[in-house]
Amino acid sequence: MIAVLKPNTSEQQVQNLISWLESMNLGVHVSRGDFQTVLGLIGDTSKVDIDLLEGLDVIESVTRISEPYKKANRKFHPEDTVVDVAGVKIGGGHFGMIAGPCSIETEEQIIEVASRVKAAGANILRGGAFKPRTSPYAFQGLKADGIELLREAKYVTGLPIVSEIMNANHLPLFEDVDLIQVGARNMQNFELLKELGHINKPVLLKRGLANTLKELLMSAEYIMAGGNENVILCERGIRTFEPYTRNTLDLSAIPALREMSHLPIVVDPSHACGISRMVKPMALAAAACGADGLMIEVHNDPKKALCDGAQSLTPDQFDDVAACVRRVREAVKDA
């Protein structure tokens, strides 16, 4: 249930109303916009008398909602959320360009790539230290050493960093990681999501291989219900019957999620396609249809990459993609 307050409602009246609602064992999520304040009621709202609530002087309208995700719901939070990643804003018209290698391999590799992507316009550096792989014999990442190398690249370039977490026990290692990524395979690792809800750090939540948009938002709800509302959604392709590409990039998810949720939406064309030559057109398409950012894999020597070389761009290729993305965003900004 949501209650929209009248514009002239005083702060004391808001607090009195919240206290009354909380006395009915309801959680209250407050969203303050430029022109109105919205209260989202969480819990068993069947006990709330809508007629009584609508009759209050401070209430403009009351609506029951059926979606199980509350905090992630745009009805609770009409304005776009802007997530701040160590000074880089994503959402609400701010665009995040995240780039870097799938896996951190050496100090020279991560610093070279970091320097090149920054020069091309990237504002966040990605790098995998813990790598969930289908095969137990594949390269699993440098783990804690990889995080340390990523921190070194952050020190050299000044770029905020993002890396994937696989286990809540690893959280102490991520103290200096600016944006924590939850990968597709862990989208419904609910115990991990609960732990991430208790930290004061933005989370990039990737859609699972075969998950619906509602399920993605319910996973975001797990994080937000714990108190951490700094969540960025990531569309990275879903599994379909088409084997030509690694996954099928669901670009329709962007306008759909825009209607369903206020959270920022980033697109990962690298994992979606699995083919480097397809990254550019998919990145441009994502930018054209309203994504709040892109996550692109870049390696200084993709042929020798220890992980996902086939989908990685060279720094020169990323230069070209980043420049084209800027032109596309400029062309559609008033559309």
Side-chain angles (χ1 to χ4, degrees), residues 1-94 179 193-205 213-214 216-233 256-265 290 292:
M1 179 181 291
I2 61 173
V4 179
L5 306 189
K6 292 179 179 178
N8 60 349
T9 304
S10 69
E11 183 59 30
Q12 185 59 54
Q13 288 174 310
V14 173
Q15 293 305 317
N16 290 341
L17 179 57
I18 291 174
S19 297
W20 177 60
L21 293 169
E22 290 178 339
S23 72
M24 291 185 279
N25 295 319
L26 294 173
V28 182
H29 177 273
V30 183
S31 175
R32 289 183 170 86
D34 292 334
F35 303 105
Q36 65 180 190
T37 298
V38 177
L39 302 185
L41 311 187
I42 302 169
D44 182 8
T45 58
S46 62
K47 66 185 73 173
V48 178
D49 185 334
I50 287 187
D51 292 334
L52 175 61
L53 193 57
E54 286 182 323
L56 298 177
D57 291 340
V58 298
I59 296 295
E60 183 172 288
S61 64
V62 180
T63 307
R64 288 195 185 274
I65 66 171
S66 58
E67 295 92 348
Y69 50 92
K70 307 299 183 184
K71 291 180 177 291
N73 199 319
R74 183 171 285 280
K75 293 177 183 176
F76 273 39
H77 196 295
E79 298 184 1
D80 290 343
T81 285
V82 178
V83 174
D84 190 306
V85 182
V88 175
K89 294 181 179 179
I90 301 178
H94 303 278
L179 175 61
L193 300 180
K194 289 177 186 178
E195 289 298 321
L196 294 175
H198 300 315
I199 66 172
N200 184 28
K201 194 180 291 284
V203 176
L204 178 74
L205 179 65
L213 299 181
K214 177 181 173 181
L216 172 61
L217 291 176
M218 288 304 296
S219 290
E221 193 79 7
Y222 264 93
I223 300 170
M224 300 176 76
N228 184 0
E229 300 190 358
N230 293 307
V231 178
I232 301 169
L233 306 174
L257 286 170
R258 188 75 65 210
E259 292 182 358
M260 299 166 73
S261 179
H262 54 91
L263 298 174
I265 308 156
D292 295 301

Smallest separation among heavy atoms of G40 and I2, with atom names: CA-CG2, 4.3 Å
Quick one: which of M260, E67, H262 gives a side chain to side chain contact (heavy atoms under 4.5 Å, CB included) with K75? E67
Which heavy atom of T9 sits nearest a heavy atom of V58, and at what distance? OG1-O, 3.6 Å
I want to check something: taking the side chain as every heavy atom from C-beta on, are L39 and V30 in contact at a cut-off of under 4.5 Å? yes
Kindly say whether L263 contributes a backbone atom to a donor-acceptor pair with the side chain of T81 at under 3.5 angstrom? no
Can you measure from CE (M224) to CG (L217) and round to the nearest 0.5 angstrom? 9.5 Å
Taking all non-hydrogen atoms of both residues into account, name the closest pair between P7 and E60 and its distance. CD-OE1, 3.8 Å
Heavy atoms from other residues, nucleotides or ligands near CG of N8 exceed 12 (cutoff 6.0 Å): yes
So, the side chain of K6 versus the backbone of D57: is there a donor-acceptor pair under 3.5 Å, distance only? yes
Which of these passes side chain to side chain contact (heavy atoms under 4.5 Å, CB included) with H29: I42, V38, N73? I42
Can you tell me how far CZ of F76 sits from CG of L41, rounded to the nearest 0.5 angstrom? 6.5 Å
Side-chain touch L179/I232, heavy atoms, less than 4.5 angstrom: yes
Would you say L17 and I59 make side-chain contact, with heavy atoms under 4.5 Å? yes
Approximate separation, where rounding is to 0.5 Å, of I18 CD1 and S23 OG: 12.0 Å
Salt-bridged, D292 to K89, with N to O below 4.0 Å? no
Working to the nearest 0.5 Å, report the span between CG of L196 and CG of N230. 12.0 Å
Please check: side-chain N/O of R64 versus main-chain N/O of T45, any donor-acceptor pairing under 3.5 Å? yes
Point-to-point distance, once rounded to the nearest 0.5 Å, from CG of L213 to OH of Y69: 8.5 Å
One thing to verify: whether E11 and R32 come together as a salt bridge, which I'm taking to mean a side-chain N less than 4.0 angstrom from a carboxylate O. yes
Atom CG in L233, atom CG in L257: separation rounded to 0.5 Å? 6.0 Å
Within a strict 4.5 Å, meaning less than it, do heavy atoms of the W20 and L53 side chains meet? yes
Would you check if R74 and R258 make a side-chain contact, meaning some heavy-atom pair closer than 4.5 Å? yes
Could you pull out the closest heavy-atom pair between Q36 and P78, with the gap in Å? OE1-CG, 4.3 Å
Between E221 and K70, is there a donor-acceptor pair closer than 3.5 Å when you use the side chain of the first and the backbone of the second? yes
